[in-house]
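A quick write-up on the structure given underneath.
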There are 2 protein chains.
Amino acid sequence: MGGKAGAASSSLTRNQSQANHRVTSVDVAAESGVSQTTVARVFSSPDKVSPATRERVRVAAERLGYVPNAIARSLKSQRTNIVGAVVPAYGEYWQSVLAEFSRQLAERSYQLLVFSFGTPRDVDGALASVAQYRLDGVVLASATIGQAQLVGMRSSERPSVAFNQPAAEGVVPSVSVDNEAGMAELAEHLVKLGIETAAYIGGVSSASTDQVRYRGAVQTLAEHGVACPYIEAGAYTYDAGYKAAAQLAQRDRLPDAVMVGSDEVAFGVLDGLANAGISVPGDLLLTGFDGLPQASWAGYDLTTLVQTTDVLVARAIDVLMGSGAGPQEKPVSIVVPGAIRIGKTTRKSSA
Amino acid sequence: MGGKAGAASSSLTRNQSQANHRVTSVDVAAESGVSQTTVARVFSSPDKVSPATRERVRVAAERLGYVPNAIARSLKSQRTNIVGAVVPAYGEYWQSVLAEFSRQLAERSYQLLVFSFGTPRDVDGALASVAQYRLDGVVLASATIGQAQLVGMRSSERPSVAFNQPAAEGVVPSVSVDNEAGMAELAEHLVKLGIETAAYIGGVSSASTDQVRYRGAVQTLAEHGVACPYIEAGAYTYDAGYKAAAQLAQRDRLPDAVMVGSDEVAFGVLDGLANAGISVPGDLLLTGFDGLPQASWAGYDLTTLVQTTDVLVARAIDVLMGSGAGPQEKPVSIVVPGAIRIGKTTRKSSA
DNA sequence: CGACACTATGAATACGTAGTCATTCTGTCA
DNA sequence: TGACAGAATGACTACGTATTCATAGTGTCG
């Protein structure tokens, strides 16, 4: 039929398995002597076809190497079986969240389409891109997605959920760990250990998670008369933490405890302090936040707040799948508690 | 036209921004007084439309909240702008590879569709699933994809590339780090430090990367008269390494060096050894493989072979994009060298 | 035995876009 | 001025499937 020539198939006897892979349900229909409708039914609602026909179609499909075209299916059915995720391109935490989403979605026979962005400015591009695919749901991760952008998503009437993004509460359906309470719990823990001074190291001060976590720390500490200045590392990375620690080490007087807004930064702080000759927990206590796997590795053994990522992700998926309800209602905000993990970084050394 | 009713829009004046989001290029055409063809052109090849019309269409599209439908576009153009990746659901290394793919693909305006599988048995399901979406390319990651499954992919005539999977060489286009040479280099390094006995801890012995890496170690060590038995950790995880170390520690005589097949396992081995009172590098030397970020964190500072993942991924993408060439030719096998990183785990302590 | 419920199947159509071809319009050159 | 290349645009159709709607066949019951 006037194909683009290309590989002329080396004129082999057109073997079934290496046949022209443009096999459609129409071809299968012809091969098995039924209508295209019936072929479609065999692959989407098999119980509506008699066993005999079903088998005949299956055999023909196999012989021709037919594979249903999900694109066409999606166009017609308006369902893609794909969930999109808008996430930052960097960061251990987000990687682990993505992995968890991928796992749980796979269990439900959904696929994950990743839209990653390098800088906050690229978010718009990612959001524009995500809108073009008519996905069954969209996960908005990262605290650097602006409020205006969230509002834009809401109007897109496609199920979406903000993941761990306090700024989104009330604007878009959201699922978060209880950032404030979690950090407060860590602060309580420190207070009980008798600290009198403290400092907080955040990643990026404009990130809403950071703000909420800092608030949790500050309020609780203030109740016990402990001040807690904010130090900005500048990024959510190991290196940023390492450098922040170096700066901290040059101060005249070290705080009794340092609360870090995320584990990845905390690892850097820990190593940075060690490099400066400051011992943890000897000279000061240290806490993180997130509960990355590495936090429980014996090498670090960090006191932190463990997010039950599997639960958070499960809730987020529930929200996406169950949002057939009312688009007008006020968006739900699910808050999941975290669990404190005590490691050696706040264990008073017996020395 | 007889919609499914549903949200009756609360009978607001049908505002543009919250309009019925079933806006198509036909609607925009009507609104701006041009044909659907022209609207399509404005969004796919704008230079074929006069500036005046282009602007008019753009304004109308904006007003109606029109967003091109990528599904329909894909169906018609036979291009999805999406690359699929079949990867294991667990493992730091694979997470980092995925992240790198996502970043580099985003730069080229491609999206990443993730097909993750929990157990090797789920691979078939993932491969079947990936075939339905007519993706512009497929990355096959994980050494646990069988040869037969690879052959199946080849015949699918869609560009695909095996990532870090020695078994795929010659069967499917592939890109790998030079596993054998890399491990050999690490072995050389150990030999120079004067080791006389060694052991190798692999993840899963049936994985082709593991086999090739072990071969690199064994051959080089043998040349210098050093034996190197294989120990199987059972999984590519921190915990598996930790346990393997515990077992190792119970031996009568420790080897001078332990070569571990992957960093993640190596971290576990390191902590497991420490827990058993064995000091590294005091009592024995330790090497890893992969070059995960954590390897260069001061807390571990592991001697390892750093895969230049960015380069590997870039090559893999090149293969996918450039494979318009000949499907009949022998598939390319690109091997990228790694870079040895010397950390304190093989630095003879001055003590 | 006719009416009826039900199953199995097919013909026709819609999903939303992009490419082909034809047509009109503009400006240039002999 | 007429011929003609090129730009701008539109009518039509195909991409591959799922969903009506209609029709033929099968068995049940009064």
Side-chain angles (χ1 to χ4, degrees), chain A residues 1-4 20-58 60-61 64-81 131-136 158, chain B residues 1-4 20-58 60-61 64-81 131-136 158:
Chain A
M1 307 281 221
K4 276 240 185 74
N20 204 335
H21 212 318
R22 241 359 169 312
V23 184
T24 76
S25 58
V26 176
D27 300 322
V28 176
E31 177 81 7
S32 53
V34 300
S35 71
Q36 180 269 328
T37 306
T38 300
V39 175
R41 275 198 270 257
V42 168
F43 287 90
S44 59
S45 41
D47 40 324
K48 290 190 174 176
V49 177
S50 77
T53 322
R54 200 189 308 162
E55 203 42 37
R56 197 148 43 91
V57 171
R58 285 243 164 87
L64 265 48
Y66 169 70
V67 176
N69 185 325
I71 305 287
R73 185 211 303 277
S74 297
L75 179 60
K76 182 63 185 148
S77 66
Q78 308 286 28
R79 303 190 60 257
T80 53
N81 256 39
Q132 305 201 185
Y133 298 87
R134 306 303 209 247
L135 305 173
D136 292 352
R158 209 152 291 286
Chain B
M1 305 295 214
K4 278 239 184 73
N20 203 335
H21 215 319
R22 245 351 173 314
V23 184
T24 76
S25 57
V26 176
D27 300 322
V28 177
E31 178 80 6
S32 53
V34 300
S35 71
Q36 180 269 329
T37 307
T38 299
V39 175
R41 275 199 271 258
V42 168
F43 287 90
S44 60
S45 39
D47 40 324
K48 289 190 177 177
V49 178
S50 77
T53 323
R54 200 188 307 161
E55 203 42 38
R56 197 149 42 94
V57 170
R58 285 243 164 87
L64 266 50
Y66 168 69
V67 176
N69 185 325
I71 306 286
R73 184 211 301 279
S74 297
L75 178 60
K76 181 61 182 149
S77 66
Q78 309 286 27
R79 306 191 57 259
T80 53
N81 256 37
Q132 304 201 187
Y133 297 87
R134 305 303 209 249
L135 305 172
D136 292 351
R158 209 152 293 283

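Predicted model, so just to flag it, every value in this text is computed and none were measured. The sequence lines fix the lettering, A, B, ..., with proteins before strands; numbering per chain opens at 1. Just so you know, these numbers use all the heavy atoms, side chains as well, and skip hydrogens, waters and symmetry mates.
- Atom C1' of nucleotide C:dC6 and atom CG of A:Asp47 are separated by 15 Å, given to the nearest angstrom.
- Using a 4.0 Å heavy-atom criterion, one finds that B:Val34 contacts the sugar-phosphate atoms exclusively.
- The nearest heavy atom of DNA chain C to B:Lys76 and to A:Gln36 marks one nucleotide each, and the one closer to the 5' end goes with A:Gln36.
- B:Ser45 comes within contact range of no nucleotide atom at all, as no heavy-atom separation falls under 4.0 Å.
- For the pair A:Arg22 and D:dG16, the criterion of a side-chain N or O lying under 4.0 Å from OP1 or OP2 is met.
- At the heavy-atom level, B:Gln78 lies under 4.0 Å from the strands shown only through sugar-phosphate atoms.
- Here B:Thr37 does not reach the OP1 or OP2 of D:dG10: none of its side-chain N or O atoms lies under 4.0 Å away.
- Atom CZ of B:Arg79 and atom P of D:dG16 are 16 Å apart (whole Å).
- The shortest distance between side-chain heavy atoms of A:Arg58 and A:Pro46 falls below 4.5 Å.
- Residue A:Thr24 is in sugar-phosphate contact alone, with no base atom involved, counting any heavy-atom pair closer than 4.0 Å across all strands shown.
- To the nearest angstrom, P of C:dA14 lies 16 Å from CG of B:Leu75.
- Taking CG of B:Leu75 as the start and OG1 of B:Thr80 as the end, the distance is 12.0 Å to the nearest 0.5 Å.
- Taking every side-chain heavy atom of B:Ser25 into account, C:dT17 is the closest of C:dG16, C:dA12, C:dT17.
- Across all strands shown, B:Ser50 has heavy atoms under 4.0 Å from sugar-phosphate atoms exclusively, and none from any base.
- Between B:Thr38 and D:dG10, a side-chain N or O to OP1/OP2 separation shorter than 4.0 Å is present.
- In this structure, A:Val49 reaches the sugar-phosphate backbone alone: every heavy-atom distance under 4.0 Å involves primed, P, OP1 or OP2 atoms, never a base.
- If you measure from atom CZ of A:Phe43 to atom P of D:dT17, you get 9 Å, rounded to the nearest angstrom.
- Per the geometry, CD belonging to A:Gln132 stands 10 Å off P belonging to C:dA18, to the nearest Å.
- If you take CG on B:Leu64 and OG on B:Ser25, they are separated by 11.5 Å, rounding to the nearest 0.5 Å.
- Here the C1' atom of nucleotide C:dA18 and the CD1 atom of A:Ile71 are 15 Å apart, to the nearest Å.
- Taking CD of A:Gln78 as the reference point, atom CZ of A:Arg73 lies at 14.0 Å (rounded to 0.5 Å).
- One atom, CZ of A:Arg41, and another, P of D:dT19, lie 10 Å apart when rounded to the nearest Å.
- With DNA chain D read from its 5' end, the first of the two nearest nucleotides for B:Gly33 and A:Ala70 is the one closest to B:Gly33.
- Taking 4.0 angstrom as the limit, B:Ser77 places none of its side-chain polar atoms (N or O) nearer than this to OP1 or OP2 of C:dA18.
- Looking at the side chain of B:Asn69, the nearest of the listed nucleotides D:dG10, C:dG16, C:dA11 is C:dG16.
- A distance of 4.0 Å separates CG in A:Asn69 from CZ in B:Arg134, rounded to the nearest 0.5 Å.
- Across all strands, A:Thr53 comes closer than 4.0 Å only to sugar-phosphate atoms, never to a base (heavy-atom distances).
- Taking 4.0 angstrom as the limit, B:Tyr133 places none of its side-chain polar atoms (N or O) nearer than this to OP1 or OP2 of D:dG16.
- Taking atom NZ of B:Lys48 as the reference point, atom C1' of C:dA18 lies 10 Å away to the nearest angstrom.
- Taking both residues in full, the closest heavy atoms of A:Val23 and A:Asp27 are given as CA-OD2, 3.4 Å, listed atom of the first, atom of the second, then distance.
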